[in-house]
Student: 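So that we are looking at the same thing, I have put the structure below in structure tokens.
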2 protein chains.
Amino acid sequence: MKRAKDENTEERILEAAKNIFQSKGMNGARMQEIADKAGINKAMLHYYYRNKQLLFEAVFKNAFSLLAPQLNAVLNEDSSIEEKVKKFTLNYITFIVKHPYLPNFIIQELNRNPDFILQMKNNEGFPNLDIFKKQVDKEVKKGTIKPISAEQLFIHILALNIFPFVAKPLIMAFTNVDEKAYKQLIEDRKTEVANFIINSIKNI
Amino acid sequence: MKRAKDENTEERILEAAKNIFQSKGMNGARMQEIADKAGINKAMLHYYYRNKQLLFEAVFKNAFSLLAPQLNAVLNEDSSIEEKVKKFTLNYITFIVKHPYLPNFIIQELNRNPDFILQMKNNEGFPNLDIFKKQVDKEVKKGTIKPISAEQLFIHILALNIFPFVAKPLIMAFTNVDEKAYKQLIEDRKTEVANFIINSIKNI
DNA sequence: ATATAGTTTAACCATTTGGTTAATAAATTT
DNA sequence: AAATTTATTAACCAAATGGTTAAACTATAT
């Protein structure tokens, strides 16, 4: 058996596919374009990944497995809701700034094929709200935070953190800012969002 | 000149195109499928709209012109920030429940082609934040609401209202709810979101 | 009623696109 | 070093797809 050269090729294909799929989506991506970007023959794509769908799925799972731990890490950590919100917001925005296509890619493709997430759900490490739910209920009962459903709070957190990336062109147009000012807006949100949330739920 | 029959056809094409484009996107949509859904020959699409791109743009502009007034109406209305937040949240969620594909369609296609929004910007009635900005600054100065940038507040509002629709499959998976429970979550957000925002910014 | 302009269709066309194949080159095993 | 397995390529293929065309049909005007 030989490795080295082939692993390299397989890796380069995946990298190129990631690039093309994440910016153009499954339907917009062209196998030829992926091959070109990887600097190899189109037949190689099929040699390593059989067909477009499987290549796409490899990219998608890869992307998803990058996002999920970010959620889990904070959700199940041993700290107060307030700390979690702060940490998550900072971590997540920092992370996505480095992978700006990720959220949009995942959301777009999940909407195209909702069954897809069922496969992800079976994966070890798929985000689970159980611990977070118990914690929210406990803190509400204790009076640390105002009454709120854990699900709704979770959606609030996701929305405030992810939406600005997904809707970047819309936001830039509405708020009338250029690329630089947009980046600053995002930068500010690393603390802004956490404060906004905590402000709303914290009992004084 | 004759009308009636042709207006009808043109209208039916647009309606069919809306359907297909909004659920499959520009790249996923097929001209044949649109023709089939409209119950006419494929050549008619070109007769009335010249080509796929122009048909798509007709649909897109149509969709966008549905969303924009929703924003404007509330933004420039003569009422307090608190009232605006309440009204907007209720109106917007109610509206999107009736057009669930809209936000995702617009966001997806704007990401595919960000220049597209420049054309929209020239349109009369493109959402403008000036009045809202002045109002936020005034209320902050007056002390009705806590210090916050109008832009950030606006992004918060959009995010909390729109994201749950855009990320529906993701949210359903994470919170582990079925279609019915998801609908209930959304229903609850008609007041939940407004309260959450006001809670955070209102000075007591 | 006849000419004219607008509407609709079936058949066709060129290009794109995902995918295959057969032959070649490069490693690896024996 | 010969045989065998693995990697890679160029050429090819069939289906799909956006778009066109020429002819037929329908309504309106003269």
Side-chain angles (χ1 to χ4, degrees), chain A residues 1-63 105 108-109 112-113 115-116, chain B residues 1-63 105 108-109 112-113 115-116:
Chain A
M1 233 174 285
K2 63 162 174 231
R3 298 273 86 166
K5 189 90 189 271
D6 33 308
E7 269 194 339
N8 202 302
T9 303
E10 199 171 336
E11 196 52 46
R12 273 169 62 196
I13 291 177
L14 200 66
E15 185 62 28
K18 202 170 92 185
N19 242 282
I20 305 292
F21 276 133
Q22 289 191 6
S23 61
K24 309 203 168 179
M26 169 71 167
N27 286 327
R30 295 293 156 247
M31 294 297 267
Q32 188 58 59
E33 198 180 357
I34 294 173
D36 289 347
K37 178 148 254 168
I40 45 118
N41 190 289
K42 185 161 64 96
M44 294 301 285
L45 302 182
H46 296 91
Y47 181 74
Y48 282 103
Y49 293 91
R50 199 157 193 86
N51 59 39
K52 190 182 182 185
Q53 179 64 26
L54 286 178
L55 177 54
F56 172 80
E57 285 178 20
V59 170
F60 186 87
K61 279 171 190 162
N62 216 273
F105 172 64
Q108 185 183 141
E109 297 303 329
R112 203 176 50 84
N113 182 6
D115 294 333
F116 222 63
Chain B
M1 234 173 283
K2 64 165 171 233
R3 299 273 80 166
K5 190 92 188 269
D6 35 309
E7 268 194 340
N8 204 302
T9 303
E10 198 171 336
E11 196 53 46
R12 273 168 63 197
I13 292 178
L14 200 66
E15 185 62 28
K18 200 168 93 184
N19 243 282
I20 304 292
F21 277 132
Q22 289 191 5
S23 62
K24 310 203 167 179
M26 168 72 168
N27 285 328
R30 296 292 155 246
M31 294 296 268
Q32 188 59 58
E33 199 180 356
I34 294 173
D36 290 348
K37 177 147 257 169
I40 46 120
N41 188 289
K42 185 162 64 93
M44 293 302 284
L45 303 183
H46 297 91
Y47 180 75
Y48 282 102
Y49 293 91
R50 196 154 196 88
N51 59 38
K52 191 183 183 185
Q53 178 65 25
L54 286 178
L55 176 55
F56 172 80
E57 285 178 20
V59 170
F60 187 87
K61 280 170 189 165
N62 216 273
F105 171 64
Q108 186 185 139
E109 297 302 329
R112 202 176 51 83
N113 182 5
D115 294 334
F116 223 62

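Throughout, protein chains are lettered first and strands after them, A, B, ... in sequence-line order, and every chain is numbered starting at 1.
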Student: Could you tell me the separation between the CG atom of B:D36 and the C1' atom of D:dT17, rounded to a whole number of Å?
Tutor: 13 Å
Student: Under the side-chain contact (heavy atoms from CB on, under 4.5 Å) test against B:K52, which residue among B:E57, B:H46, B:M31 passes?
Tutor: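 For B:K52, the side-chain contact (heavy atoms from CB on, under 4.5 Å) check succeeds only for B:M31.
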Student: Report the distance from atom CG of B:N8 to atom P of D:dA27, rounded to the nearest whole Å.
Tutor: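 My rounded result for the distance is 13 Å.
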Student: Between P on D:dT17 and CD1 on B:I20, what's the gap in Å once rounded to a whole number?
Tutor: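 Taking CD1 of B:I20 and P of D:dT17, I get 13 Å after rounding.
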Student: Using a 4.0 Å heavy-atom cut-off, write out nucleotides 9-14 of chain C from 5' to 3' as B (base contacted by protein), S (sugar-phosphate only) or - (no contact).
Tutor: BB----
Student: Round to the nearest Å and state the distance from A:N51 atom CG to C:dG18 atom P.
Tutor: 11 Å
Student: Which whole-number value in Å describes the distance from A:H46 NE2 to D:dC12 P?
Tutor: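 A:H46 atom NE2 is separated from D:dC12 atom P by 18 Å.
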Student: Would you call A:E15 and A:K37 a salt bridge, taking side-chain N to carboxylate O under 4.0 Å as the test?
Tutor: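 Looking at A:K37 together with A:E15, the answer is no, because their closest N to O distance does not fall below 4.0 Å.
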Student: C:dT7, C:dG19, D:dG18: which one has an atom nearest the side-chain heavy atoms of A:K52?
Tutor: C:dG19
Student: How many whole angstroms separate atom OH of B:Y49 from atom C1' of D:dT20?
Tutor: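 In whole Å, D:dT20 C1' and B:Y49 OH are 20 Å from each other.
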Student: Atom OH of A:Y48 to atom P of D:dT6: distance rounded to whole Å?
Tutor: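 It works out to 12 Å between those atoms.
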Student: What is the distance from CG of B:L45 to P of C:dT8, rounded to the nearest Å?
Tutor: 12 Å
Student: Does any residue of residues 24-35 of chain A have a heavy atom under 4.0 Å from DNA chain C, and if so, which ones, in number order?
Tutor: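 Here the set is A:A29, A:R30, A:M31.
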Student: For the ring pair B:F60 and B:F105, is the centre-to-centre distance below 6.0 Å?
Tutor: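 Centroid distance B:F60-B:F105: below 6.0 Å, so yes.
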Student: Return yes if a side-chain donor-acceptor contact under 3.5 Å exists between A:N113 and A:E109, otherwise no.
Tutor: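 The answer is no; no qualifying pair exists.
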